[in-house]
Amino acid sequence: MLVNFSEDQGDRKCNLDAFCCFSSSENKFFLMLADGFGDSSQEGVYKTIRNLSHLISSSECEKINPEHLESSLEESVKISFLGLSVINNSFAHVVSSGDCRVYVNGQVLSSDDSVAWKALIKRKSHDDAAKYAVAHPLRNRLTSHVEKGRKVDFKEIDFKLGSGDRVLVCTDGVWSIFHAHISSREFSLDMVCGNIIDNGMALELVF
């Protein structure tokens, strides 16, 4: 498995995106992505991801659980979060809250926790909801996010992986601009730098 990464701060004064990825053994790989917003500090977002990575690396777990994240949160931090666990390069588990997305071979598997998605999915397919959410005026109004002391509605997804599969994990700063390119498999991480309006972060795993 190869892991590639790209980010751009865009027009923001500070970067509130953070990630960590590591292998805890020969057959376990973990990736954590956070997109901070509101009154979150850069230090608080970074510490939250660092706390979580230390907790996961010191345990014998096979996937990232919501309880791991809740116990790792710093005070006054609000984030969209996506955690990816891969076992034996063949099985993946995703836990998320907010609007970070995971795509496999150009197809979006996750769903956004936003007012826009909630409205669109009532009358659109999953793929169309992902497409039309990009330009929806309520795209940034989240219905769920991670915050200390807040009851969080985490979503979990399981899927299989095969040789040649490409998994893209990204914040809304990336998919809001490049969803069409990602879906048509014309996206590359080189496109992120210099083309982001807001903070944007993306990681690609090639199996």
Side-chain angles (χ1 to χ4, degrees), residues 7-12 15-19 31-40 45 48 64-66 69-70 73 76-84 92-159 166-187 191-192 195-204:
E7 69 171 337
D8 194 286
Q9 187 167 315
D11 296 333
R12 278 196 185 182
N15 191 346
L16 296 181
D17 292 343
F19 86 96
L31 185 154
M32 293 141 279
L33 177 64
D35 179 4
F37 64 94
D39 296 329
S40 301
V45 175
T48 295
I64 301 170
N65 294 312
L69 179 57
E70 290 167 351
L73 280 168
S76 303
V77 167
K78 299 178 182 179
I79 58 173
S80 286
F81 174 82
L82 190 146
L84 172 69
H93 175 83
V94 170
V95 57
S96 67
S97 176
D99 58 2
C100 295
R101 286 185 179 181
V102 57
Y103 295 79
V104 179
N105 300 324
Q107 182 177 11
V108 61
L109 296 189
S110 54
S111 55
D112 307 339
D113 288 315
S114 69
V115 174
W117 186 281
K118 187 175 181 179
L120 289 166
I121 201 64
K122 293 178 180 178
R123 51 190 172 84
K124 301 286 186 183
S125 67
H126 187 273
D127 288 347
D128 281 347
K131 173 183 176 181
Y132 290 108
V134 169
H136 198 286
L138 299 178
R139 174 178 69 80
N140 290 319
R141 187 173 296 178
L142 299 182
T143 57
S144 179
H145 68 272
V146 184
E147 182 180 357
K148 202 173 189 68
R150 177 187 177 94
K151 182 175 174 57
V152 181
D153 181 22
F154 285 98
K155 302 184 301 295
E156 299 189 53
I157 309 169
D158 294 314
F159 57 94
R166 290 177 175 266
V167 177
L168 180 72
V169 175
C170 61
T171 63
D172 68 316
V174 172
W175 63 254
S176 63
I177 297 175
F178 297 111
H179 173 77
H181 293 84
I182 298 169
S183 298
S184 61
R185 305 190 70 174
E186 298 174 341
F187 174 78
M191 299 168 70
V192 172
N195 292 306
I196 296 297
I197 299 172
D198 204 343
N199 290 171
M201 182 174 285
L203 296 101
E204 185 180 51

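Counting begins at 1 with the first residue of the sequence.
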Fill in: Non-neighbouring partners of Ser111 that pass side chain to side chain contact (heavy atoms under 4.5 Å, CB included), sequence neighbours left out
Trp117, His126, Lys155
Worksheet entry | Qualifying residues under side chain to side chain donor-acceptor pair (under 3.5 Å), relative to Thr48, sequence neighbours excluded | none
Worksheet entry | Residues that Asp198 engages under side chain to side chain donor-acceptor pair (under 3.5 Å), provided they are two or more places apart | Arg12
Worksheet item: Sequence neighbours excluded, which residues qualify as salt bridge (charged side-chain N to carboxylate O under 4.0 Å, His left out) partners of Glu7?
Response: none
Considering only distance and modelled atom types, tabulate donor-acceptor pairs under 3.5 Å from the side chains of residues 169-187, sequence neighbours left out.
unit_1	atom_1	unit_2	atom_2	d
Thr171	OG1	Met201	N	3.1
Asp172	OD2	Arg139	NH1	3.0
Trp175	NE1	Asp99	O	2.8
Ser176	OG	Asp172	O	2.6
His179	ND1	Arg101	NH1	3.4
His179	ND1	Tyr103	OH	2.8
His179	NE2	Ser183	OG	3.3
Ser183	OG	His179	O	3.0
Ser184	OG	Ala180	O	2.9
Ser184	OG	His181	O	3.3
Ser184	OG	Glu186	OE1	3.2

Fill in: side chain to side chain donor-acceptor pair (under 3.5 Å) partners of Asn195, counting only residues at least two apart
none
Practice prompt. Compare every heavy atom of Leu168 with every heavy atom of Ala202, then report the nearest pair and how far apart it is.
Written response: CB-CD1, 4.1 Å
Show me the side-chain donor-acceptor pairs of residues 146-154 shorter than 3.5 Å, one per line, residues at least two apart or across chains.
unit_1	atom_1	unit_2	atom_2	d
Glu147	OE1	His145	NE2	2.9
Lys148	NZ	Leu73	O	3.2

Practice prompt. Might you point out which heavy atoms bring Asp112 and Ala133 nearest each other, and give the distance in Å?
Written response: OD2-CB, 4.0 Å
Worksheet item: Which heavy atom in Val45 sits nearest to a heavy atom in Ala34, and how many Å separate them?
Response: CG1-CB, 4.1 Å
Fill in: Partner set under side chain to side chain contact (heavy atoms under 4.5 Å, CB included) for Ser76, not counting sequence neighbours
none
Worksheet entry | Non-hydrogen side-chain atoms of Val95 and Asn65 separated by less than 4.5 Å | no
Practice prompt. Could you tell me which residues satisfy side chain to side chain donor-acceptor pair (under 3.5 Å) with Ser40, sequence neighbours excluded, listed by chain and number?
Written response: none
Item to complete: For Ser80 and Leu142, work out which heavy atoms get closest and say how close.
Response: OG-CD1, 3.5 Å
Discussion item. Counting C-beta onward and ignoring hydrogens, is there a side-chain heavy-atom pair between Val94 and Leu82 closer than 4.5 Å?
Written reply: yes
Item to complete: Can you sort out the partners of Gln9 under side chain to side chain contact (heavy atoms under 4.5 Å, CB included), two or more places apart, ordered by chain and number?
Response: Asn15, Asn199
Worksheet item: Considering only heavy atoms from C-beta outward, does the side chain of Leu69 approach that of Ile64 to under 4.5 Å?
Response: no
Fill in: Partners passing salt bridge (charged side-chain N to carboxylate O under 4.0 Å, His left out) against Asp35 (at least two apart in sequence or in another chain)
none
Worksheet item: Closest approach of Ala130 and Val108, non-hydrogen atoms and distance?
Response: CB-CG1, 3.4 Å
Practice prompt. Would you name the heavy atoms of Ala129 and Ile121 that are closest together and state the gap between them?
Written response: CB-CD1, 3.9 Å
Fill in: Set of residues satisfying side chain to side chain contact (heavy atoms under 4.5 Å, CB included) with respect to Ala92, sequence neighbours excluded
Leu84, Val86, Phe159, Leu161
